[in-house]
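Notes for the one structure printed next.
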Number of protein chains: 2
Amino acid sequence: MPKLGMEPIRKAALVKATIVEIGRAGSLDVTVSQIAKRAGMSSALAHHYFGSKEEMFLAAMRHILTLYGAEVRGALVAAEGPEGRIRAILRANFSPTNFRREAVGAWLNFWVLSLSVPQAKRLLAVYQRRLRSNLIAALRPLAGVRAGEIAESLGAMIDGLYLREVLKSGAPDGAAAAAVALRHLEAELARGA
Amino acid sequence: MPKLGMEPIRKAALVKATIVEIGRAGSLDVTVSQIAKRAGMSSALAHHYFGSKEEMFLAAMRHILTLYGAEVRGALVAAEGPEGRIRAILRANFSPTNFRREAVGAWLNFWVLSLSVPQAKRLLAVYQRRLRSNLIAALRPLAGVRAGEIAESLGAMIDGLYLREVLKSGAPDGAAAAAVALRHLEAELARGA
DNA sequence: GTTTTTGTTGATTGACGAGTCAATAAACTT
DNA sequence: AAGTTTATTGACTCGTCAATCAACAAAAAC
């Protein structure tokens, strides 16, 4: 009973399943059959819609990055004032969403994937630039010309804290990470004044 | 013409070859045959000495961590004064060695591996604690009771800067990364005073 | 000098997995 | 109604790969 207009639905299901399976495996070592099964279809259909496993990975990566972008944007609209905007960005970066199994698996594995797949590296670069410009925009009123360099260090701090939170055993603590990042920011701002 | 006492030689060659192959592939998706071939022996011999691929990976990881530890220690013995010790640690972390293809591949992939292999997670934890205690020891004279929290943020900063340097396209710049880390440190110290 | 230990490999096994294809069927077009 | 497009899968191909094994060779032990 083939209904029409299945393509977007199937693709969305496959993308979601891909991310879940990567999270479960903790690696990109997942089979198309696993993914297809979780998405409720045959592996042949997965190939029909995506052509190859790599395309599936890239689509999954786009999806993760889109979600991440949406979370940042969502946090930003509710934010007031420069400091509020910074806090919003930190909140989005260290939200529980990003510490879920699937998100962690996706991020770490996509970093690795970007070592060997140029397309993946490009996707990552786009989002890094976006974070950077968000940070700079929020920092400008607070730090003036130093906004650029502070955005750079704060960005690195965010990545580093996330990585550590994710690699350590035990439950991750996003709030603590955000607090450390905020302390870093205050110190940098104080230094400039 | 089997010479005796081959075991350590063969194992060392395999460990080295494993790291090189992971660097070339940019992932853990390397075959035992590739590794064995690069190490100049049959894949059967590789299995003979290590039993399984996972054991090879773990041995490679131990080796990378040992090299890293040695580099830090080596930089520390030549260092004078608390600030000199911090600088030494930064220099070791951002040395060209750690930006070589093999090292990058090893680090990123071992982070990923630690998501699914507890043994790998444990190895990583040992070295993270060691870095932490090195940092605290050097920071104590400079920061007193705040040494702990500053070590935490500086450690995260180091990881974050390394990650960004490694993921960006173009030649990595360890010196620039070290400079940013140092600026962070100064800001934190100034804040305390 | 025979037995044991160590080193070594080619061949094989057994499994798995990406991607293809032919076939079936429902829905839309003309 | 005939033809086309979309959805769907089971079966299959072709390749790969981790791990095992039997067999051979040299040194050491006895």
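Residue numbers start from 1 in every chain, and the chains themselves are labelled A, B, ... in the order their sequence lines are given, proteins ahead of strands.
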**Report entry** Approximate separation, where rounding is to 0.5 Å, of B:Gln128 CD and B:Lys121 NZ
**Finding:** 10.5 Å
Requested in this report: Return the value, rounded to whole Å, for the distance between atom CE of A:Met6 and atom C1' of C:dA27.
Outcome: 12 Å
Report summary line: Note: for B:Glu7 and B:Ser43 on DNA chain C, the residue whose nearest nucleotide lies more 5' is B:Glu7
Query raised in the report: Starting at CD of A:Gln34 and ending at C1' of C:dA15, how long is that distance when rounded to a whole Å?
Result: 15 Å
Requested in this report: Figure out the CG/C1' separation between B:Asp29 and C:dA18, and round it to whole Å.
Outcome: 13 Å
Query raised in the report: Does a side-chain N or O from B:Arg10 land closer than 4.0 Å to OP1 or OP2 of C:dT6, or not?
Result: no
Report summary line: Picking from D:dA7, D:dC17, C:dT6, the nucleotide nearest the side-chain atoms of B:Thr31 would be D:dC17
Report task. Find the distance between CG (B:Leu123) and CZ (B:Arg62) and round it off to the nearest 0.5 Å. Result -> 6.0 Å
Report summary line: Taking C:dT9, D:dA7, D:dA27 as options, the one with an atom nearest any side-chain atom of B:Leu45 is C:dT9
Query raised in the report: In whole angstroms, how far is the P atom of C:dA18 from the CG atom of A:Leu14?
Result: 13 Å
Query raised in the report: From the list C:dC21, C:dT9, C:dA27, which nucleotide is the closest neighbour of the side chain of A:Ala44?
Result: C:dC21
Query - Spacing between A:Met41 atom CE and D:dT6 atom P, to the nearest angstrom - result: 18 Å
Query raised in the report: How is A:Ser42 classified with respect to the nucleic acid when contacts are heavy atoms under 4.0 Å: base, sugar-phosphate, or nothing?
Result: base
Query raised in the report: Rounding to a whole Å, what distance do you find between A:Glu21:CD and C:dG17:C1'?
Result: 15 Å
Query raised in the report: Distance-only, no hydrogens or angles: does the B:Asn93 side chain make a donor-acceptor pair with backbone N or O of B:Ile89 under 3.5 Å?
Result: yes
Query raised in the report: Does A:Val112 reach the side chain of B:Trp111, with side-chain heavy atoms less than 4.5 Å apart?
Result: no
Report summary line: For B:Lys168 and B:Asp173, the nearest pair of non-hydrogen atoms, with its separation, is NZ-N, 4.4 Å
Requested in this report: Could you list the residues that satisfy ring-ring contact (aromatic ring centres under 6.0 Å, His included) with A:Tyr68, not counting sequence neighbours?
Outcome: A:Trp107
Query raised in the report: Looking at DNA chain C, which of residues 46-63 of chain B put a heavy atom within less than 4.0 Å of it?
Result: B:His48, B:Tyr49
Report summary line: Rounded to whole Å, the CD1-C1' distance (B:Ile9 to C:dT6) equals 13 Å
Query - Any side-chain heavy-atom pair of B:Gln34 and B:Arg24 under 4.5 Å - result: no
**Report entry** Residue A:Leu4, side-chain heavy atoms: nucleotide from C:dA27, C:dT6, C:dA18 that is nearest
**Finding:** C:dA27
